[in-house]
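Notes for the one structure printed next.
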Amino acid sequence: MAKELDLADIQGNILQAYGRQGFPIARCVLLHVHEGRAQQAREFIDSLRRKVTTAELWPSSRTQNLFDRSKVTASKPDVAINIAFTFRGLLALGVPVNSLRGMPDEFQEGMLKRAPILRDLHSSQQHIQDLWDPVWVAELNNPHKQVHILITLNANATPKDHPSAQAALEASYQWLVCSCGEERGVTILSGHRGPNPHYQDMAVLADPVKEHFGFTDGIGDPVFEGQYSDPEIMSREVIGQGKLSADQNWVPLATGEFLLGYADEAQETAGGILPTEFSRNGTFMAYRKLHQNVNAFHQYVDSKASAYANIHAISLEEAKETLRAKMVGRWSDGIPLMRAATFAEWQAERAKIDAMPTEKKAAYLDLIQRDFSYSADPDGSRCPFSSHLRRSNPRDMLDPTVAPGTAGQPATKATSVLNNRRRILRRGLPYGHSGPGISDQEEHGVLMLVVCASLFRQFEFVQQQWLQYGLDFQSGNDTCPIVGNHANDSKFLIEASSSSEQPPFICDRMPQFVEVHGGAYFFVPSLTALRLIAQGLIDPT
């Protein structure tokens with residue numbers, strides 16, 4: 001029997017990414033709780049919690065064919081509102097220390113302190129103060145500037161009560177502004193780089209969602225038990241996004257990898273936070289503002305394309321597209337190299353899609369973007385071992401190989417839990433504008449909101465071990481070619497097939513393509529926990 005979650009108790013930005021549900025623009029607002037004003041701040045939280053968007057289903061293309069229509073219990077909001085807290089924010093709101101002491105160490109310490117562990121670029125305190133947005137580092141010199149609360153506003157493209165998504169977003173933000181103030185216990189922090197210092201805006205750049213380097217984004221988020229209420233939808237979405245079972249079928253991951261209070265892949269339930277009602281149906285989130293040096297990326301690819309074209313006897317344009325795809329692990333439209341390893345294969349796949357009936361194109365593309373494994377690429381000649389895609393989700397690459405049997409059975413992959421315990425949900429959208437005439441010093445990048453039950457085991461492990469170190473990917477100390485730290489001796493190896501006479505190609509002296517410009521760790525409470533926080537009713541005994 002499929003697991004059923006209490007959708008009315010779970011915040012809506014956990015189970016689904018709003019950007020894929022018709023919410024093209026968003027705003028992140030950071031708040032500070034004033035010392036001695038915890039009661040007033042809790043009253044503010046109490047008024048806000050009644051507006052928080054839950055995971056309850058609303059009418060949409062995903063629910064119109066549900067077998068049980070009674071599961072559609074909510075109306076689609078003009079603006080989806082969600083809230084999260086830093087450790088110091090929970091402390092400032094009066095959450096008992098006996099409850100907070102059960103919080104994970106990494107959450108208590110926060111991202112700013114753990115920047116060296118994350119191997120963020122030149123993570124000295126002085127460098128962080130120079131590079132990060134002031135709103136994230138002001139607390140180093142002024143405790144009254146600590147980030148305590150994150151509020152996200154995601155606007156519906158077709159709002160009911162407003163003329164546009166932008167108008168709906170502005171109306172919700174103005175309500176928030178009017179609800180804040182020192183006398184109400186909370187104030188909006190300033191110090192975001194960009195058009196407005198009081199908030200960080202995001203927006204879908206294209207349909208499908210594209211990030212500033214030009215690649216389709218938001219593909220391959222994991223699927224877990226209970227995430228979809230309809231078995232038919234689950235059976236479709238789990239392909240390529242769940243885990244491979246022993247018989248090599250796709251099944252959903254354990255709920256406890258993404259929601260607290262449920263069994264995870266080790267059949268364990270995270271404990272230590274009391275009372276249990278405070279943590280159940282909640283989770284953790286890593287907020288990461290990732291600045292993209294778009295010009296540097298394209299200029300670097302252009303600088304290496306001539307040599308690559310000469311070696312492989314291909315056109316310059318084909319060389320550029322291939323180099324970009326090899327670094328990312330996908331072509332710009334999201335088709336993985338495991339599906340189309342060469343430019344010619346990619347063009348053939350595109351021609352096949354173009355020839356399909358319109359109503360079938362999107363579903364087919366969605367399927368091939370995520371239904372693949374690496375077992376057919378043991379030498380990395382199709383998708384480089386060190387590509388961003390392979391590093392961030394190795395799928396079956398790190399699974400042990402079972403030797404051939406005595407009856408002549410071929411060697412197979414044995415299912416390993418290693419990758420299943422490192423999966424993360426990616427939320428957030430691109431921010432800013434890039435293009436001709438816009439320098440890399442201007443504001444543009446991706447705002448990553450990483451959701452997982454264990455920041456240490458999931459987010460921090462992937463960030464530190466897989467993206468910033470290459471040993472697991474037969475790449476020594478080489479980092480991820482896209483988001484890794486690139487020192488003067490950095491390089492990226494494009495493997496050649498063991499049966500080919502072509503040599504491998506080395507991309508050397510890579511500049512920095514992505515920089516961290518701020519962030520923090522947040523606890524995303526359930527609606528039950530939010531009520532307990534707002535009403536000061538948490539009893540850790």
Side-chain angles (χ1 to χ4, degrees), residues 208-222 239-241 244 290 292 297-298 300-301 304-305 308 312 318-347 349-350 365-399 419 422-424 426 446 448 450 462-463 465-475 478-484 486 490-497 504-507 510 513-514:
V209 177
K210 295 278 187 178
E211 49 73 53
H212 289 282
F213 291 151
F215 289 84
T216 297
D217 199 17
I219 303 171
D221 258 355
I239 297 173
Q241 300 183 121
L244 284 170
L290 303 179
Q292 293 178 268
F297 177 74
H298 292 307
Y300 181 78
V301 171
K304 296 297 180 183
Y308 192 84
H312 293 276
E318 181 177 339
K320 291 178 182 179
E321 288 287 353
T322 303
L323 282 174
R324 284 158 41 87
K326 292 290 186 180
M327 292 167 70
V328 173
R330 296 184 185 274
W331 299 94
S332 58
D333 61 357
I335 294 177
L337 288 170
M338 290 306 300
R339 181 78 185 192
T342 66
F343 185 84
E345 291 178 10
W346 178 43
Q347 294 302 296
E349 193 67 67
R350 290 302 321 176
L365 179 59
D366 181 58
L367 179 62
I368 65 173
Q369 284 174 339
R370 51 188 169 84
D371 185 17
F372 64 93
S373 66
Y374 294 114
S375 58
D377 188 32
D379 59 5
S381 58
R382 294 183 67 85
C383 181
F385 289 132
S386 200
S387 65
H388 175 70
L389 182 66
R390 202 154 179 166
R391 281 174 173 268
S392 57
N393 180 11
R395 296 178 180 246
D396 60 343
M397 174 183 168
L398 303 178
D399 290 353
N419 192 56
R422 313 298 182 191
R423 302 300 302 280
I424 57 176
R426 294 177 301 134
V446 173
M448 286 280 289
V450 176
V462 173
Q463 171 67 24
Q465 189 70 18
W466 283 351
L467 297 180
Q468 301 290 5
Y469 189 49
L471 192 59
D472 287 343
F473 303 94
Q474 305 178 36
S475 302
D478 292 348
T479 65
C480 172
I482 300 299
V483 301
H486 297 162
S490 65
K491 66 182 185 301
F492 168 62
L493 176 66
I494 299 177
E495 290 87 356
S497 172
F505 188 84
I506 298 176
C507 295
M510 304 176 73
F513 298 138
V514 174

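Atoms considered below: every heavy atom in the structure, side chains included; atoms not considered: hydrogens, waters and symmetry mates. Start at 1 with the first residue, then count along the sequence.
Rounded to the nearest 0.5 Å, atoms CG (Asp366) and CG (Asp371) are 10.5 Å apart. Summarising the geometry, atom CZ belonging to Phe473 is positioned 9.0 Å from atom CZ belonging to Arg390; distances are rounded to the nearest 0.5 Å. Atom CD in Gln369 sits 11.0 Å away from atom CZ in Arg339 (nearest 0.5 Å). One distance of note links SG of Cys383 with NE2 of His388; it measures 11.0 Å at 0.5 Å rounding. Distance check: Asp377 CG to Met338 CE gives 4.5 Å after rounding to the nearest 0.5 Å.
Relative ring orientation between His312 and Tyr308 is described as tilted, the plane-to-plane angle lying within the 30° to 60° band.
Every residue was checked against the salt bridge (Lys or Arg N to Asp or Glu O under 4.0 Å) condition with Lys210, not counting sequence neighbours, and none meets it. Residues satisfying the side-chain hydrogen bond (donor to acceptor under 3.5 Å, both in side chains) test with Arg330, not counting sequence neighbours, are none. For Gln463, there are no side-chain hydrogen bond (donor to acceptor under 3.5 Å, both in side chains) partners two or more places apart in sequence or in a different chain.
Residues Phe213 and Ile482 form a side-chain contact, since some pair of their non-hydrogen atoms from C-beta on lies under 4.5 Å apart. Put simply, the side chain of Met327 reaches to within 4.5 Å of the side chain of Met510, judged on heavy atoms. For the pair Trp331 and Leu337, the minimum side-chain heavy-atom distance is below 4.5 Å. Between Ile494 and Lys304, every side-chain heavy-atom pair lies at or beyond the 4.5 Å cut-off. With a 4.5 Å cut-off on side-chain heavy atoms, His212 and Phe297 do not count as touching. A 4.5 Å side-chain heavy-atom check between Phe505 and Thr322 finds every atom pair outside the cut-off. Using a 4.5 Å cut-off on side-chain heavy atoms (C-beta onward), Asp472 and Pro394 make no contact.
Minimum heavy-atom separation, Ser475 to Ser386: OG-CB, 3.5 Å. Here the shortest heavy-atom pairing between Lys326 and Ser387 reads O-CB, 3.3 Å. Residues Ile335 and Arg350 come closest through the heavy atom pair CD1-CD, 4.1 Å. In terms of heavy atoms, Phe513 sits closest to Pro481 at CD1-O, 3.1 Å. When all heavy atoms of Pro504 and Leu493 are compared, the closest pair comes out as CB-CD1, 3.7 Å. Here the closest heavy-atom approach between residue Gly329 and residue Leu389 is recorded as O-CD2, 3.4 Å.
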Discussion item. Side chain to side chain contact (heavy atoms under 4.5 Å, CB included) for Leu467 and Thr479? Distances and angles first, verdict last.
Written reply: CA-CA 6 Å; Leu467 297 180; Thr479 65; over 6 Å; no
Worksheet entry | Pair Trp346-Asp333, side chain to side chain contact (heavy atoms under 4.5 Å, CB included): steps then yes or no | CA-CA 10 Å; Trp346 178 43; Asp333 61 357; 3.1 Å; yes
Practice prompt. Would you check, one step at a time, whether the test side chain to side chain contact (heavy atoms under 4.5 Å, CB included) holds for Arg382 with Tyr374?
Written response: CA-CA 9 Å; Arg382 294 183 67 85; Tyr374 294 114; over 6 Å; no
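Looking only at distances, no side-chain donor or acceptor of Gln465 sits under 3.5 Å from a matching main-chain atom of Gln468. Between the side chain of Arg422 and the main chain of Ser392, no donor-acceptor pair closer than 3.5 Å is present. A donor-acceptor pair is defined here as one N or O able to donate and one able to accept, closer than 3.5 Å; no such pair exists between the side chain of Ser375 and the backbone of Met397.
Side-chain contact annotation: Asn419 with Asn393, donor-acceptor N/O pair under 3.5 Å present.
In summary, of the residues considered (Arg370, Arg426, Arg423), a salt bridge (Lys or Arg N to Asp or Glu O under 4.0 Å) with Asp221 occurs for Arg426 alone.
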